[in-house]
Chemist: 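My questions all concern the structure below.
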Amino acid sequence: MKNYRFVLWLNGLSLLLVLLLVVYAKLFSPSVSLLFFPPPSPIFPELRLLTYAFQLLCAVPAIVCAFSFGLLKTINPLHKKNIFILASALLTGAFLMNEIYRFHIILTVYGISKIVTSLVYGIVTLIYAVMFWRIIKSTPYFLLLTGISLLFAAIVVDSLNLHGDGVPSVLEGVPKLFSEINIALYYWYVCHQEIIKEAYHYKSEKIE
């Protein structure tokens with residue numbers, strides 16, 4: 001019954017959000033249909049292929065961490081890494097939302113440069129790293145460190161505003177893609193290990 005109640009609440013809140021967005025679009029946008037525009041259709045199969053691949057990879061840590069948090073909280077509500085995994089879901093989820101909705105681009109319209117937005121994300125990530133350093137140290141953090149370093153390199157390339165026939169895009173895009181491959185691998189591995197450990201302990205307690 002609790003699960004059904006949650007589903008009803010989630011659908012109700014989602015409907016309310018959609019209605020609010022429709023009202024907003026009706027008042028401030030040229031057309032409500034803008035809310036439902038499909039993504040641009042590629043003319044060639046390779047168009048935006050690696051960009052879309054990067055966005056899909058960005059979804060992996062957020063989804064894996066959110067699901068793992070729910071599962072671990074059910075198995076062991078006092079599990080010491082629950083808060084870490086929840087914070088990871090929120091942080092990677094915020095990054096995913098930015099990559100899809102391009103908030104760092106939208107904010108430039110209001111005079112907030114991409115560098116400022118990147119600094120804010122960097123500070124939040126630093127706070128996350130300081131808060132959970134002991135836990136991160138016990139995991140294969142070289143994957144996370146590699147991913148963040150590559151992402152930082154991509155941001156630096158983007159901020160240089162280089163010109164050229166595709167070279168700047170490659171110099172920015174390749175590090176971004178591989179940064180998310182390593183970050184996705186890191187959170188997949190960490191969550192997998194924690195679920196396996198907790199499942200083993202739960203099974204052992206049941207046998208005893």
Chemist: Give a yes or no on this: more than 12 heavy atoms of other residues, nucleotides or ligands lie within 6.0 Å of atom CZ of F178.
Modeler: no
Chemist: Spell out, as yes or no, whether a donor-acceptor pair under 3.5 Å connects the side chain of S179 to the backbone of K176.
Modeler: yes
Chemist: Do L57 and L144 sit in one hydrophobic cluster, given that two such residues count as connected whenever their side-chain heavy atoms are within less than 4.5 Å of each other, even indirectly?
Modeler: yes
Chemist: Taking all non-hydrogen atoms of both residues, which atom of T108 and which atom of K114 are closest, and how far apart?
Modeler: CG2-CG, 3.9 Å
Chemist: Give the C-alpha distance, both sets of side-chain angles, the deciding distance and a yes or no for side chain to side chain contact (heavy atoms under 4.5 Å, CB included) between I183 and F95.
Modeler: CA-CA 12 Å; I183 290 170; F95 185 76; over 6 Å; no
Chemist: About how many Å separate OG1 of T146 and CZ of F142, when rounded to the nearest 0.5 Å?
Modeler: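 Separation between the atoms: 7.0 Å.
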Chemist: Under a 4.5 Å side-chain heavy-atom rule over Ile, Leu, Val, Met, Phe, Trp and Tyr, are L49 and L56 clustered together?
Modeler: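 Shared cluster, no.
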Chemist: Could you tell me the separation between the CG atom of L8 and the CG atom of L13, rounded to the nearest 0.5 Å?
Modeler: 11.0 Å
Chemist: Backbone N or O of L145 within a donor-acceptor pair of the N182 side chain at under 3.5 Å?
Modeler: no
Chemist: Look at the side-chain heavy atoms of Ile, Leu, Val, Met, Phe, Trp and Tyr, link any pair under 4.5 Å apart, and say whether V60 and F84 land in one connected group.
Modeler: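 Unlinked, V60 and F84 end up in two clusters.
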Chemist: I'd like to check the side chain to side chain donor-acceptor pair (under 3.5 Å) partners of S88; sequence neighbours left out, ordered by chain and number.
Modeler: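 Only Y128 meet the side chain to side chain donor-acceptor pair (under 3.5 Å) criterion with S88.
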Chemist: Taking only residues two or more places apart in sequence, or in another chain, which ones meet I106 in a side chain to side chain contact (heavy atoms under 4.5 Å, CB included)?
Modeler: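 By the side chain to side chain contact (heavy atoms under 4.5 Å, CB included) rule, I106 matches F103, Y110.
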Chemist: Hey, what do you get for NZ (K26) to OG (S31), rounding to the nearest 0.5 Å?
Modeler: 8.0 Å
Chemist: Locate the shortest heavy-atom distance separating L50 from L177; write the atom from each residue and the value.
Modeler: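 Shortest heavy-atom contact: CD2-CD2, 4.0 Å.
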Chemist: Are more than 12 heavy atoms, taken from residues, nucleotides or ligands other than F152, located less than 6.0 Å from that residue's CZ atom?
Modeler: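 Open: at most 12 neighbouring heavy atoms sit under 6.0 Å from CZ of F152.
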Chemist: How long is the span from the CD1 atom in I105 to the OG1 atom in T117, to the nearest 0.5 Å?
Modeler: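 Atom-to-atom, I105:CD1 and T117:OG1 are 8.5 Å apart.
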Chemist: Could you check T74, L90, L86 and say which one makes a side chain to side chain contact (heavy atoms under 4.5 Å, CB included) with F69?
Modeler: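 The residue from T74, L90, L86 that satisfies side chain to side chain contact (heavy atoms under 4.5 Å, CB included) with F69 turns out to be L86.
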Chemist: Would a hydrophobic clustering, with Ile, Leu, Val, Met, Phe, Trp and Tyr connected at side-chain separations under 4.5 Å, put I83 with V64?
Modeler: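 Different clusters.
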Chemist: So among Y187, Y189, Y186, which one has a side chain to side chain donor-acceptor pair (under 3.5 Å) with T139?
Modeler: Y186
Chemist: Give me the atom names and distance for the closest heavy-atom approach of I85 to C65.
Modeler: CG2-O, 3.2 Å
Chemist: Would the distance check show the side chain of D158 and the main-chain N or O of A154 forming a donor-acceptor pair, the cut-off being under 3.5 Å?
Modeler: no
Chemist: If you count every heavy atom of other residues, nucleotides or ligands that lies below 6.0 Å from Y52 atom OH, does the total exceed 12?
Modeler: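 More than 12 within 6.0 Å, yes.
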Chemist: Closest heavy-atom contact between A25 and L35?
Modeler: CB-CD1, 3.8 Å
Chemist: If you round to the nearest 0.5 Å, how far is CG of L96 from CD of Q55?
Modeler: 8.0 Å
Chemist: N82 and K73: which non-hydrogen atoms are nearest, and at how many Å?
Modeler: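 That would be ND2-CA, 3.9 Å.
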Chemist: Please name the residue in the list L15, V23, L21 that meets the side chain to side chain contact (heavy atoms under 4.5 Å, CB included) test with L19.
Modeler: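 Result for side chain to side chain contact (heavy atoms under 4.5 Å, CB included) with L19: L15.
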Chemist: Other residues, nucleotides and ligands only: do more than 12 of their heavy atoms fall within 6.0 Å of CG on L27?
Modeler: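 Atom CG in L27 is packed in, count exceeds 12.
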Chemist: Atom CG in L72, atom NZ in K81: separation rounded to 0.5 Å?
Modeler: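 If I round to the nearest 0.5 Å, the distance is 10.0 Å.
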Chemist: If I compare all heavy atoms of L34 with all of S29, which pair ends up nearest, and what's the gap?
Modeler: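 Residues L34 and S29, closest heavy atoms: CD1-CB, 4.2 Å.
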Chemist: By side chain to side chain donor-acceptor pair (under 3.5 Å), which residues pair with E180, not counting sequence neighbours?
Modeler: none
Chemist: Decide whether I123 and I148 are clustered together by the hydrophobic rule: side chain heavy atoms of Ile, Leu, Val, Met, Phe, Trp, Tyr closer than 4.5 Å, transitively.
Modeler: yes
